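Please read the structure below before turning to the comments.
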Number of protein chains: 2
Amino acid sequence: MKEVQNSWPAGIKRTRQRQSVFSVLESSGKPLSASDICLKIEKNGEAVWLSTVYRALELFVKKGVVIKTNVMNNEMAVYELNRFKHKHYAVCINCRKMIAVENCPMEKFIPELEEDDFHVMGHNLEVYGFCKDCNPK
Amino acid sequence: MKEVQNSWPAGIKRTRQRQSVFSVLESSGKPLSASDICLKIEKNGEAVWLSTVYRALELFVKKGVVIKTNVMNNEMAVYELNRFKHKHYAVCINCRKMIAVENCPMEKFIPELEEDDFHVMGHNLEVYGFCKDCNPK
DNA sequence: TGCGCAATTGCGTATCATTCGCATTTAGCC
DNA sequence: GGCTAAATGCGAATGATACGCAATTGCGCA
């Protein structure tokens, strides 16, 4: 039904289920949870078991193809394609919408830390507040 | 055995269990998980049920007395006393040690976001890498 | 100073995301 | 087309956290 034969990350065996997970992520503009992905695949008329989605995501993350993030205290992890563009999200406290934040305040900051004998490998930044639709004011 | 009658947050009914949770946090230099807290209390010869610890922490967080944070993709939440000093942590990928980072790169950054119709209420920042004991180099 | 009642706790069980185990199926090299 | 390692379906396990309810406790009030 759908023709998604195009891009495929190297070094990963191509199966129908992984292909489905990948193309859902590819066509999504925002990070998705494992069950979001599962639902979207089922909506396309295909079947995937949730644990298979988790396994595919785990593999993609290990290969650096997908980025896993955790939003707001606990809850569940969300996944997005690694488009190799450094970014962060502003998360709405009310509707949980995630808005990408373009530039990162960390660049100038990391060298300071390196001086304190901490070898920085990466960072997570998450801003929370109210989006314009939910702004109580 | 221990005399911890001193400080107590206003508007919270004082019970033995809550007192225990509070004083463990008070005397800890680093954030602790709910079960860490439980173990430390038991080590002091007192008994607390884990769910009671969770309930106490939940209350403290709601009252703003305690700060809840989630470290590194999923895992579990850690809690620390709110000492009203804004800070972040550098987390070691290897030994999970958390090192407080003094200054925050976000101050200048938030006004930019506000312009994009996002009303910022707060932020989480977590830097990860290798501490000096675990530095592979 | 003791009573009464609402709030809290002990304790077990439920929930929810995620992981694991294993038998069956599949991808893709020969 | 057949073979084998890898992947999947499926269910059940796990681990953090929440919840329900009866028993207990803190504490305001008489």
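When reading the values below, keep in mind they use all heavy atoms of this one structure, side chains included, and skip hydrogens, waters and symmetry mates. Every chain is numbered from 1, with letters handed out A, B, ... down the list of sequences. None of these values were measured; they are calculated from a predicted model.
- Between the side chain of B/R96 and the backbone N or O of B/V91, no donor-acceptor pair lies under 3.5 Å.
- In this structure, B/K63 atom NZ and C/dA7 atom C1' are separated by 13 Å, rounded to whole Å.
- We find that CD of A/E46 is positioned 11 Å from P of D/dG9, with the value rounded to whole Å.
- Within the 4.5 Å cutoff, no side-chain heavy atoms of B/V127 are placed close to those of B/Y89.
- Counting only distance, with no hydrogens or angles, the side chain of B/R18 and the backbone of B/K13 share a donor-acceptor pair below 3.5 Å.
- Regarding B/Y54, its OH atom lies at a distance of 16 Å from the P atom of C/dT9, rounded to whole Å.
- With A/N82 contributing its side chain and A/G64 its backbone, the two residues share a donor-acceptor pair below 3.5 Å.
- In this structure a side-chain-to-backbone donor-acceptor pair under 3.5 Å is present from B/S20 to B/R16.
- A donor-acceptor distance shorter than 3.5 angstrom exists from the side chain of B/S33 to the backbone of B/D36, with no hydrogens or angles considered.
- Here D/dG15 presents its C1' atom at 18 Å from CE of A/M76, a figure rounded to the nearest Å.
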Identify all pairs in which a protein N or O lies below 3.5 Å from an N or O of nucleotides 27-30 of chain C, and state each distance.
{"from": "C/dA27", "atom 1": "O3'", "to": "A/R14", "atom 2": "O", "distance (Å)": "3.3"}
{"from": "C/dG28", "atom 1": "OP1", "to": "A/R14", "atom 2": "N", "distance (Å)": "3.4"}

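- For the pair A/Y79 OH and C/dT18 C1', the computed distance is 8 Å after rounding to whole Å.
- Within the 3.5 Å criterion, the main-chain N or O of B/E26 finds no donor-acceptor partner in the side chain of B/S23.
- Computed from coordinates, the A/L50 CG to C/dT18 P distance equals 8 Å when rounded to whole Å.
- Ion pairing between a basic and an acidic side chain is recognised when a charged N comes within 4.0 Å of a carboxylate O; B/K87 and B/E80 show such pairing.
- Here the C1' atom of nucleotide C/dT26 and the CZ atom of A/R18 are 11 Å apart, to the nearest Å.
- Atom C1' of nucleotide D/dG9 and atom CD of A/E42 are separated by 13 Å, given to the nearest angstrom.
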Polar atoms only, N or O, under 3.5 Å: list the protein pairs with nucleotides 19-22 of chain D and their distances.
{"from": "D/dG20", "atom 1": "O6", "to": "B/R55", "atom 2": "NH1", "distance (Å)": "3.1"}

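- Ring pair A/H86/A/H123 is tilted by interplanar angle, where 30° to 60° counts as tilted.
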